Amino acid sequence: MNKISVDSATQLNRILSFLPEDRKQKIPPNIWKEIDQKTDGSLNTKINEVTDIKEENISQETRKYLSFIFLNYLATKEEKEEYVKIIKNNEIQYQKFLSKKYSVDNIFKERKTSSNIETEAIEEKKSNLPIEYKEGFFKCILNKIKSLIKHKK
């Protein structure tokens, strides 16, 4: 909690102030001290006691610290188990997303398509160029001999 920003500390202080006294007592004094030291009373934090916390406009950092406090100090055993299960499920879904996004198969598919595009572009350029015919080795020698004979006559 040492690196908590002033905005997050102020939002946390406002949110935790809505808790009943018996639940506030569960949060250790050192955490309260850290939050109180970083809280800025001049900041206007509009957090409604009646509105669900999901609907409030609070920062990601505040959500992170709120989750930490809930999981470690305020949650019952059943709530902790459910919360941990949700976190694990979210992590599994996130890992599936990453493995699909950065799949080795997908990387090679992209390379194949880009190489196909390059090959098509090269073939298209070749078809637009004038065709140049080269004589074979023996044909070249035969033509040279014919030209020498014609010059002697």
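None of these values were measured; they are calculated from a predicted model. Throughout, numbering of the chain's residues begins at 1 and tracks the sequence.
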Nearest 0.5 Å, what's the NZ-CG distance between K146 and L142? 4.5 Å

Of all the heavy-atom pairs spanning N72 and K80, show the shortest one and how long it is. O-NZ, 4.3 Å

Contact summary for Q11 and S59, nearest pair of heavy atoms: OE1-N, 3.3 Å

Do you know which two heavy atoms are closest between K38 and A9, and how far apart they sit? CB-CB, 3.4 Å

E82/K85 ion pair, N-O < 4.0 Å: no

Measure the CD-OG distance between Q60 and S67 for me, rounded to the nearest 0.5 Å. 9.5 Å

Look at the side-chain heavy atoms of Ile, Leu, Val, Met, Phe, Trp and Tyr, link any pair under 4.5 Å apart, and say whether I86 and L71 land in one connected group. no

Enter the distance from L19:CG to F70:CZ here, rounded to the nearest 0.5 Å. 10.5 Å

Could you measure the distance from the CD1 atom of I69 to the CH2 atom of W32? Nearest 0.5 Å is fine. 7.5 Å

Under a single-linkage definition using a 4.5 Å side-chain heavy-atom cutoff for Ile, Leu, Val, Met, Phe, Trp and Tyr, are I92 and V84 assigned to the same hydrophobic cluster? no

When clusters are formed by joining ILVMFWY residues with side-chain heavy atoms under 4.5 Å apart, either directly or through shared neighbours, do I149 and I141 land in the same one? yes

So, do D7 and T62 sit near enough that their side-chain heavy atoms are less than 4.5 Å apart? no

For the student: nearest non-hydrogen atoms of L16 and K24, plus distance: O-CE, 3.3 Å

What heavy-atom pair brings E79 and L74 nearest, and what distance separates the two atoms? OE1-O, 4.2 Å

N90 side, atom CG; Q95 side, atom CD - distance, nearest 0.5 Å: 12.0 Å

Beyond-backbone contact of I15 with Y65, side-chain heavy atoms, under 4.5 angstrom: no

Nearest heavy-atom contact between E61 and S5 is OE1-OG, 2.7 Å

Measuring from atom CD1 of I4 to atom CG of L12, what distance do you get when rounded to the nearest 0.5 angstrom? 4.5 Å

